[in-house]
Student: 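Have a look at the structure that comes next, please.
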Number of protein chains: 2
Amino acid sequence: MKRSPSGIAPPFAIQKGVPEALYRQVYDGYRKAIVDGSLRAGQRVPSTRVLAIELGISRMPVLSAYAQLLAEGYFESRVGSGTVVSRSLPERAAPAVAAVHDRRAVSVAAVHDRRAGSATAVYDRRSFQEKGRRSQTAATAATAGRRVSERCRNLTNQEGFFRSRRAGPFVVSQIAFEDFPLAAWNSLVTRHSRNAQARSLDYGDPLGLKDLREAIAAYVRTARGVRCEEHQIVIVSGSQQGLELTTRVLLDPGDRVWMEEPGYRFARGVFAFSGCAVVPVRVDAEGLNVADGAEKCGAARAVLVTPSHQYPLGVTMSASRRLQLLDWAESNASWIIEDDYDSEFRYEGMPVTSLQGLDRNSRVVYIGTFSKVLFPSLRLGYVVVPEDLVERFLAVRFALDIGPPTLPQAVLADFIAEGHFARHIRRMRSVYGERRSALIENLRRRLGSRVEITGAEAGMHLSALLKGISDRELVAGAARRNLWLVPLSPFYMGKAARLGFVLGFGSTPLEEIPAAVHTLAGLLDSNSGSDVT
Amino acid sequence: MKRSPSGIAPPFAIQKGVPEALYRQVYDGYRKAIVDGSLRAGQRVPSTRVLAIELGISRMPVLSAYAQLLAEGYFESRVGSGTVVSRSLPERAAPAVAAVHDRRAVSVAAVHDRRAGSATAVYDRRSFQEKGRRSQTAATAATAGRRVSERCRNLTNQEGFFRSRRAGPFVVSQIAFEDFPLAAWNSLVTRHSRNAQARSLDYGDPLGLKDLREAIAAYVRTARGVRCEEHQIVIVSGSQQGLELTTRVLLDPGDRVWMEEPGYRFARGVFAFSGCAVVPVRVDAEGLNVADGAEKCGAARAVLVTPSHQYPLGVTMSASRRLQLLDWAESNASWIIEDDYDSEFRYEGMPVTSLQGLDRNSRVVYIGTFSKVLFPSLRLGYVVVPEDLVERFLAVRFALDIGPPTLPQAVLADFIAEGHFARHIRRMRSVYGERRSALIENLRRRLGSRVEITGAEAGMHLSALLKGISDRELVAGAARRNLWLVPLSPFYMGKAARLGFVLGFGSTPLEEIPAAVHTLAGLLDSNSGSDVT
């Protein structure tokens with residue numbers, strides 16, 4: 001037999017020694033909760049049996065109250081779905097608008113006040129309010145709305161980008177969802193969830209599950225030439241948290257950090273929040289130009305780089321630049337933060353190992369993520385940290401948000417150990433490789449010498465450099481034609497050196513590519529006369 | 001037929017136009033990877049077929065190389081488990097120790113260098129190193145190890161507490177794991193994991209899944225008297241991230257914050273990281289003493305309070321103190337951060353609703369968590385934010401770590417909607433209620449007037465106040481007797497006003513409580529002669 005779903009009981013304040021009948025108190029409690037919007041139309045209420053037990057009273061008064069609430073139309077009852085607040089009641093206004101009561105009259109009964117006279121220090125409300133008003137004037141004079149932190153005002157509203165998540169040709173950071181081996185993944189989820197024991201419900205190691213850290217260590221040693229042991233791996237919720245964590249361990253407010261110009265926009269917010277000053281360092285055909293950085297700010301405390309597949313231009317950092325960067329970091333006692341976000345998929349040229357693997361002075365913190373190679377909503381990534389910083393990372397990891405959830409870590413550890421991960425990478429390299437070739441071929445055929453393609457050697461995006469266009473302005477028109485373009489110019493902090501688009505091909509099916517490029521070409525044609533910003 | 005698990009291929013640099021035979025390059029690549037520790041004993045390697053495809057060469061040279069590696073004992077092969085690196089090889093030393101090569105000789109082949117001559121700015125290594133060394137001397141002179149951030153040095157090593165997770169009587173923050181309705185939970189996990197679609201693999205809303213936010217809004221409106229709509233709910237990974245997020249939105253470095261004295265230790269790290277100054281405000285029998293706070297620092301920007309069940313003393317904030325605090329916040333344009341971590345379980349006295357529900361000026365940010373009421377390794381909690389701050393919270397939530405994972409949110413939304421949540425709370429209230437009564441009864445019988453019990457009205461812990469003991473010093477001895485005591489004095493920032501222990505009863509079975517209290521009493525007897533710190 002199916003039990004009726006159970007509702008949450010409102011926190012009634014039933015008083016047993018008062019003249020008011022118990023049934024009346026229950027009735028009034030519900031009516032008030034419905035009228036003030038705490039209980040909403042269609043919401044379940046507990047059964048009379050359950051409520052009577054919760055309130056510690058007999059069932060009779062509860063039955064009477066429910067009968068009256070049903071009769072008056074506050075409640076309705078349906079077989080199999082229990083008693084609910086009547087669906088035919090008018091929608092309540094939002095509480096902020098409905099707040100017409102004097103607040104002293106509301107809910108005070110629900111707060112016990114029996115020791116009010118025992119206060120040792122006496123709070124003088126009026127005198128304090130006067131003092132308070134003066135300081136308020138000073139505090140809020142400068143801002144229009146209510147005062148929040150200055151540092152959060154620095155954030156641009158790029159998150160709207162993610163809230164209205166788009167799907168269509170050229171979307172960046174999206175994977176070929178239909179090719180993910182869901183059956184294998186789900187059977188592991190089911191297995192782990194069936195075998196869950198007390199231990200897996202408890203807080204885990206803040207650095208992450210040992211099995212997963214071992215699997216990741218073996219993977220990055222083998223595939224990425226990273227030099228590490230399992231205890232140097234810290235599991236995080238993705239590259240973003242990895243960067244946040246690393247920034248906190250390494251940098252203080254006021255410290256200066258090199259960032260690639262153009263570079264990963266969402267990293268700027270992390271540095272800004274920590275009060276660090278970003279120094280944009282030019283990216284050329286060899287990757288980050290170390291000499292340019294040394295000239296602009298030789299004493300920077302750290303550098304954030306994407307040496308395998310520069311974001312967004314896609315260039316691979318040359319060997320000499322890598323060695324220069326390692327030299328600079330060692331000489332200057334600076335840190336290198338290596339973001340290796342999508343190097344699993346490489347289509348041409350020699351294999352490229354990590355910068356971390358070249359480093360002999362443990363100056364590199366290596367960040368990896370499963371958002372690209374598996375799927376974004378998994379929210380798992382990792383940081384490989386120098387041996388002597390493990391304890392610091394542990395303390396900060398814990399302070400950030402205690403640690404990662406257990407189930408997805410256990411599932412992922414087995415997914416890697418049982419070979420699904422290696423197979424998936426191989427399969428996707430071929431899927432993405434085909435999409436990439438089709439995209440390049442179509443871009444060349446349709447746009448010819450107007451387009452310069454960079455960064456197509458690896459990953460799930462390439463950059464299409466286009467001269468004489470206003471890349472930001474084309475985005476809205478493109479979206480109307482179901483093309484999701486990411487303009488290149490906002491990746492520059494300074495004057496944009498290059499115009500064009502970052503084109504994702506991860507989630508664009510092979511057969512849709514020719515038409516998408518056709519639409520893009522048409523859009524560029526119609527824009528060719530417009531002003532360049 | 002079961003396929004053999006597949007291994008990850010090391011990033012070989014195969015060169016086709018060189019005199020060295022292909023099979024020799026594969027052989028050398030593997031041998032080097034094994035010798036330098038990139039590949040470890042027992043690790044799987046790809047099949048010859050897969051590797052040949054990956055390298056873009058015929059299978060013959062790969063077969064020859066594998067045969068030689070097998071013959072020489074680098075590889076071993078077992079039916080059904082594929083080819084692995086020989087398990088009989090000696091363990092490799094850790095890379096940091098094994099780093100004897102000159103770094104210029106290692107892995108450079110794996111980095112392509114074909115554009116080295118195209119650099120526009122020329123990096124002058126020697127001159128830079130000289131400049132660098134000077135700045136390094138200044139930068140690192142003050143510190144012993146390598147320089148990391150000053151701010152992370154403020155963190156105490158309390159996380160060791162969580163790494164060596166204990167299980168036994170009195171452990172705090174642990175639940176009755178064996179009573180969690182795993183079957184119901186797991187069937188929802190299985191259902192959602194089977195129904196996973198492309199959309200559920202993609203990034204979700206940074207604020208969280210709409211279904212879950214609606215379920216939480218209905219729950220906190222009904223059970224906690226919180227005034228909110230679904231769009232004011234932000235899903236986070238727990239109270240800690242909730243507090244981090246709130247701090248970033250509301251506070252800047254240098255801002256002052258009231259904290260309860262004694263108060264939640266792990267919150268101090270959050271404020272310290274943001275450069276906020278904590279003002280400890282006395283807690284008495286009515287909760288936070290607002291007059292004491294106003295006297296010490298009337299112009300504080302915010303206050304962190306636990307009004308339902310103060311942590312660690314467990315007192316409930318009185319109605320007059322609540323109204324005083326709301327007055328103070330409104331007069332001073334300050335923010336109230338309400339941490340309502342375990343109010344689901346209330347055993348005696350009137351029901352207590354949230355401080356947020358009393359507030360008519362939207363000055364309260366309300367933080368809740370599922371770590372206590374469900375289980376900690378779920379890593380889900382929520383923040384209820386004032387209407388006008390939703391956009392700010394969204395921007396900062398995104399900057400923190402993009403957003404929460406999808407699967408656990410979907411499972412939890414159904415767990416609430418289908419009534420499991422309400423049922424679980426009711427059931428656990430009775431389980432914890434019995435444990436609590438047994439603990440109180442045994443403490444009173446064994447310790448009599450030596451112990452004062454506070455905070456037993458709600459939650460999963462109480463505080464046992466004991467005079468004339470050195471609470472910190474007793475912890476190690478207690479652990480040897482399998483008692484997991486949390487001393488009270490470290491919860492004070494100033495001079496500890498009270499000594500004693502926070503005793504958790506969430507995970508201590510009823511039948512173990514008498515013996516545990518007996519052991520505790522014996523420990524106190526043997527300590528009664530020692531000095532008080």
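So that the names make sense, note that chain A is the first sequence line, chain B the second, and so on, each numbered from 1.
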Student: What part of A:Leu182 gets within 4.5 angstrom of chain B, counting heavy atoms only: side chain, backbone, both, or neither?
Tutor: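 Side chain only.
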
Student: Treating A:Asp401 as the side-chain partner and B:Gly238 as the backbone partner, does any N or O pair qualify as donor plus acceptor under 3.5 Å?
Tutor: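 The answer is no, because no donor-acceptor pair under 3.5 Å joins these two groups.
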
Student: Going through the checks in order, is the side-chain contact (heavy atoms from CB on, under 4.5 Å) test met by A:Phe273 and B:Val396?
Tutor: CA-CA 9 Å; A:Phe273 250 118; B:Val396 178; 3.7 Å; yes

Student: Give me the atom names and distance for the closest heavy-atom approach of B:Arg40 to A:Cys228.
Tutor: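 Closest approach of B:Arg40 to A:Cys228: NH2-O, 3.6 Å.
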
Student: Using a cut-off of under 4.5 Å for heavy-atom pairs, which of B:Ala218, B:Ala223, B:Gly269, B:Gly275 has the most such pairs with chain A?
Tutor: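 Going by pairs under 4.5 Å, I would pick B:Ala223.
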
Student: Given heavy-atom pairs under 4.5 angstrom as the criterion, report whether the side chain, backbone, both or neither of A:Ser200 touches chain B.
Tutor: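 The answer is the backbone of A:Ser200.
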
Student: Could you grab the distance from atom OG of A:Ser371 to atom CG of B:Leu201, nearest 0.5 Å is fine?
Tutor: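 With rounding to 0.5 Å, OG (A:Ser371) is 11.5 Å from CG (B:Leu201).
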
Student: Just by distance, do the side chain of B:Gln240 and the backbone of A:Ala399 share a donor-acceptor pair under 3.5 Å?
Tutor: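 Such a contact is found between B:Gln240 side chain and A:Ala399 backbone.
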
Student: Identify the two heavy atoms, one from A:Val148 and one from B:Asp252, that lie closest to each other, and give their separation to 0.1 Å.
Tutor: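 Heavy-atom minimum between the residues: O-OD2, 4.5 Å.
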
Student: Quick one: which of A:Tyr219, A:Phe421, A:Phe177, A:Phe180 has the most heavy-atom pairs under 4.5 Å with chain B, could you say?
Tutor: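 The option with the most such pairs is A:Phe177.
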
Student: For each of A:Gln43, A:Arg248, A:Glu244, tally heavy-atom pairs with chain B at distances under 4.5 Å, and name the one with the top tally.
Tutor: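 Most heavy-atom pairs within the cutoff with chain B belong to A:Arg248.
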
Student: Name the option with the most non-hydrogen atom pairs under 4.5 Å to chain B; the candidates are A:Pro404, A:Pro386, A:Ser377.
Tutor: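 Among the listed options, the one with the most contacts to chain B is A:Ser377.
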
Student: If you count heavy-atom pairs within less than 4.5 Å of chain A, which of B:Glu54, B:Arg194, B:Arg397 leads?
Tutor: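 Ranked by heavy-atom pairs under 4.5 Å with chain A, first place is B:Glu54.
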
Student: Considering all heavy atoms of both residues, which atom of A:Ser38 and which atom of B:Arg221 are nearest to each other, and what is their separation?
Tutor: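 Nearest heavy atoms, A:Ser38 then B:Arg221: O-CB, 3.4 Å.
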
Student: Keeping the roles fixed (side chain from A:Arg146, backbone from B:Asp388), state whether a donor-acceptor pair exists under 3.5 Å.
Tutor: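 Looks like no, no N/O pair under 3.5 Å.
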
Student: Quick one: are B:Val189 and A:Leu407 in side-chain contact, heavy atoms under 4.5 Å?
Tutor: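 Answer yes - side chains close enough.
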
Student: Do A:Arg379 and B:Tyr203 have side chains that approach each other closer than 4.5 Å (heavy atoms only, starting at C-beta)?
Tutor: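 When only atoms from C-beta onward are counted, B:Tyr203 and A:Arg379 do touch, with a gap below 4.5 Å.
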
Student: Please identify, among B:Val249, B:Thr406, B:Thr190, the residue contributing the most non-hydrogen atom pairs under 4.5 Å to chain A.
Tutor: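 Option with the greatest count: B:Val249.
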
Student: Any sub-3.5 Å donor-acceptor pair from B:Arg44's side-chain atoms to A:Glu418's backbone N or O?
Tutor: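 Looks like no, no N/O pair under 3.5 Å.
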
Student: Side chain, backbone, both or neither: which part of A:Ile53 has a heavy atom under 4.5 Å from chain B?
Tutor: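 Contact with chain B: none, neither part.
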
Student: Do the side chains of A:Thr222 and B:Pro10 get nearer than 4.5 Å, heavy atoms only?
Tutor: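 The answer is yes, as the side chains (C-beta and beyond) meet within the 4.5 Å cut-off.
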
Student: Do you know the tightest heavy-atom contact between B:Ala422 and A:Gly7?
Tutor: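 Looks like CB-O, 3.6 Å.
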
Student: Mind ranking A:Asp255, A:Ile425, A:Leu250, A:Leu378 by heavy-atom pairs under 4.5 Å with chain B and telling me who comes out on top?
Tutor: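 If we count pairs closer than 4.5 Å to chain B, A:Leu250 comes out on top.
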
Student: Which bit of A:Glu178 is near chain B, if near means a heavy-atom gap under 4.5 Å: side chain, backbone, both or neither?
Tutor: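 Contact with chain B involves no heavy atom of A:Glu178 at all.
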
Student: Select one option (side chain, backbone, both, neither) describing which atoms of B:Leu380 are under 4.5 Å from chain A's heavy atoms.
Tutor: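 Neither; nothing under 4.5 Å.
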
Student: Answer with side chain, backbone, both or neither: which region of A:Pro408 has an atom nearer than 4.5 Å to a non-hydrogen atom of chain B?
Tutor: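 For A:Pro408, no heavy atom lies under 4.5 Å from chain B.
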
Student: Between the side chain of A:Arg151 and the main-chain N/O of B:Leu251, is any donor-acceptor distance below 3.5 Å?
Tutor: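 Yes.
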
Student: Would you mind reporting whether A:Ser149 and B:Arg392 have side-chain heavy atoms less than 4.5 Å apart?
Tutor: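 No, side chains not in contact.
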
Student: Can you tell me which portion of A:Ala9 sits under 4.5 Å from chain B's heavy atoms? Options are side chain, backbone, both or neither.
Tutor: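 Just its backbone gets close to chain B.
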
Student: Need one label for A:Asn186: side chain, backbone, both or neither, based on atoms under 4.5 Å from any heavy atom in chain B.
Tutor: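 For A:Asn186, heavy atoms of backbone and side chain both lie under 4.5 Å from chain B.
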
